[in-house]
Peer 1: 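Please find one structure pasted underneath; my questions will follow.
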Amino acid sequence: MLAHHIVKYIGRTCTAIAIGGFVSGAAFAQQAADSVAPEGASQGSFTGMSPRITAAFEAKDAGKPVIARNWMVAAANPHAVQAGADVLARGGTAADALVAVQAMLGLVEPQSSGLGGGAFLVWYDAASGRLTTLDGRETAPLAVTPQLFQDDQGVPLGFFDAVVGGRSVGTPGTPALMAAAHEKWGNQPWAELLAPSVALAEKGFAVSPRLAGLVADDAERLATSETTASYFMPNGTPVQAGDTLKNPDYARTVAAMAERGVEAFYTGDIARDIVGAVQGATNPGVLSEVDLSIYRVKERDALCAPYHGHEVCGMGPPSSGALAVGQILGLLENADLSAGPADADVLRLIGDASRLAFADRGRYVADTDYVPVPVTGMLDPSYLAERAKLLQGDDALPEVTAGAPAFDHALNFADDISIELPSTSHVSIVDSMGNVASMTTTIENGFGSRLMVRGFLLNNELTDFSFRSHTDGVPIANRVEPGKRPRSSMAPTIVMKDGAPVLAVGSPGGSRIIGYVAGAIIAHLDWGMDVQQAAALPHAINRFGPYDLEEGTDAAAMADALMGLGYEVNTRALTSGLHMISIGDDLRGGADPRREGIALGE
Ligand code: GLY
């Protein structure tokens, strides 16, 4: 048994090496905000877990994928992976397993996802050969106005002035998504899937180093709520790695859901307490019991984009994930990437393709139930081929603006101004029937709104809306509206080839999720890396012009070459959380070395 597992430490500093001349104001705002409170990486130490968990950590440390034949689960915490593996080993489906994994993540990785948040699921159904998605995104309360995140003069609030408290809390969707996935595709009793989380919440779990570090870093904001502070900082002291943390409130909440179904969450005492916490906060919000009682998961068609003989399929609006990943790959369809990630021109092509995709995303993408989005036009190969001509030069594009994808609707939107910080969690699962689940799940910022109720944290997902509703009188597509779902960057993905799934992938990381996922797909499909190599590949990420290079890695060594091409360059921690499973003659699982997760299979 491994007594002490070490995950490499990656620091949290953000160092500007050089300043270029072409960064927009919004981009600078984003960069500045990103340096405030990323959900950084940490050392991991898990003791006393099963030999199989130990072996999975050893494979990860050795840079090797976990290999299995029947089923596989990859997620951000070994307790959650174990809960999913137990379900899969007794013949449960990937939908059953994701219920167990999510219930456990909400306990042991509460800062990233949980019952108080939202999630997107991409599902491959082996029996029908069909792909579909479930949208469990939070909704804006019916009583919001477009001025939700503005002061009396209409000036946008500071980011954390908006985040902390009740104002940012959207109607949670994760419990409803768990129930919908189980109802559609599960074969195990619902209550049995939740039982391990109830038991561990009662018994207590060892605080992970990552959770302890994040609590210490966020102590001031956590202290703004008495309930939150008393859980994460009992007697005023932040919990330490290895402390046993019991969460009897969480046990009671999950037990209520086990007994009475998800209605126990959306109606009755729990709903009343959620509303009480939101409306009673010092920065109150307008969430009501009606919002909770009318919440519905939406099944939407998967959005697929062709890439090098594959179909890359994911979550369409309200997420920008599949659109942006699909655009990046589509723009690169005919580019020569064969020189690999240590070549400056390859990084120029990928980086500027990403900038072009982010420009379209900022102009056009929002909740399609509220605004028209040119989804088909944005992924049209002829539109992307035309736009890819912009990549034919030798240097960084001096300026990038949104294109004009074909659409049968008048479009006049201003560019979005919203800030997304890295947080969130990703789960990939393949079951023994061949079903595949790729789910990205979040409460938005690390620790969400910092409001805790009934043992779980409430999201701050509404800050994924644009704080401004208009620019110079032109409406912003992703503005706040009652009932609307805020635009996301989450990109849970299933890659298909010849009608069969070959890869499940996704990551946390705010709007960098898009670059992490596109990069992992390129690493796997184009550069032949296995899933563990692809998850560990040093990051070079471009969204708005400046290149973010992962400090202390080979990517950072590309700084001079990229500056020579005209890019501004930042070296910084880039804490993705890629969890990947490749599906072929066998199953291969990879877990991001920047976080505490593993892959486990049989
Ligand atoms: N709040 C993270 C996302 O939805 O992209």
Side-chain angles (χ1 to χ4, degrees), residues 30 33-34 36-39 76 102 105 109-114 116-122 133-140 149 159-160 162-164 168-174 177 298 300 303 314-325 354 357-358 361-362 365-368 416-427 438-450 457-467 477-478 480 484-493 505-518 541 543-544 574-578:
Q30 177 92 34
D34 281 2
V36 176
E39 193 189 341
Q102 178 65 78
L105 284 175
E109 199 201 31
Q111 75 280 4
S112 296
S113 78
F120 293 121
L121 169 65
V122 184
T133 73
L134 292 185
D135 167 359
R137 186 68 161 168
E138 297 90 335
T139 53
F149 295 124
F159 183 68
F160 283 108
V163 166
V164 178
S168 63
V169 180
T171 318
T174 298
L177 183 142
K298 297 193 177 184
R300 301 181 189 271
L303 205 59
M315 192 72 221
S319 186
S320 60
L323 269 173
V325 169
S354 175
F358 267 84
R361 169 188 177 274
V365 185
D367 183 349
T368 31
D416 175 80
I417 300 158
S418 69
I419 298 170
E420 292 169 58
L421 297 185
S423 58
T424 312
S425 208
H426 182 80
V427 185
S438 182
M439 178 178 76
T440 312
T441 174
T442 187
I443 56 170
E444 214 300 294
N445 200 230
F447 302 98
S449 64
R450 278 70 173 180
L457 286 158
L458 294 172
N459 69 84
N460 66 294
E461 216 68 56
L462 301 186
T463 60
D464 275 359
F465 282 119
S466 174
F467 285 21
N478 185 35
V480 182
K484 192 177 180 182
R485 299 175 185 220
R487 188 192 63 202
S488 173
S489 299
M490 294 195 287
T493 301
V505 58
S507 178
S511 56
R512 290 193 186 86
I513 288 172
I514 288 161
Y516 294 148
V517 171
I541 300 287
R543 298 168 297 170
F544 310 110
L574 290 170
T575 43
S576 55
L578 286 154

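Here the structure is a predicted model, which is why all the values come from computation and not from measurement. We count ligands from 1, going down the list as the structure has it; atoms in each ligand are counted the same way.
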Peer 1: For ligand 1, which atoms have a heavy atom of Glu461 less than 4.0 angstrom away?
Peer 2: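 Numbered from 1, ligand 1 contributes 1 (N), 2 (C), 4 (O).
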
Peer 1: Tell me whether Thr424 has any N or O atom under 3.5 angstrom from an N or O of ligand 1.
Peer 2: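 No - when backbone and side-chain N and O of Thr424 are compared with those of ligand 1, no distance drops under 3.5 Å.
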
Peer 1: Is Asp464 salt-bridged to Arg137, going by a charged N under 4.0 Å from an acidic O?
Peer 2: yes

Peer 1: On a heavy-atom basis, which atom in Thr424 and which in Thr440 lie closest, and how many Å separate them?
Peer 2: CG2-CG2, 3.5 Å

Peer 1: Begin with the C-alpha distance, continue with both residues' side-chain angles, and end with the deciding distance and a verdict on side chain to side chain donor-acceptor pair (under 3.5 Å) for Ser511 and Ser489.
Peer 2: CA-CA 5 Å; Ser511 56; Ser489 299; 5.0 Å; no

Peer 1: Taking salt bridge (Lys or Arg N to Asp or Glu O under 4.0 Å) as the test, write out the residues that go with Asp135, two or more places apart.
Peer 2: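 Partners of Asp135 under the salt bridge (Lys or Arg N to Asp or Glu O under 4.0 Å) test: Arg300, Arg485.
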
Peer 1: Work out whether the distance between some heavy atom of Arg137 and some atom of ligand 1 is less than 4.0 Å.
Peer 2: yes

Peer 1: With heavy-atom distances below 4.0 Å as the criterion, list the atoms of ligand 1 near Met490.
Peer 2: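 This gives 3 (C), 4 (O), 5 (O) as the contact atoms.
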
Peer 1: Taking side chain to side chain contact (heavy atoms under 4.5 Å, CB included) as the test, write out the residues that go with Ser354, two or more places apart.
Peer 2: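 Here the qualifying residues are Ile328, Phe358.
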
Peer 1: Do Ser489 and ligand 1 have an N or O pair less than 3.5 Å apart?
Peer 2: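 N/O-N/O distance under 3.5 Å: yes.
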
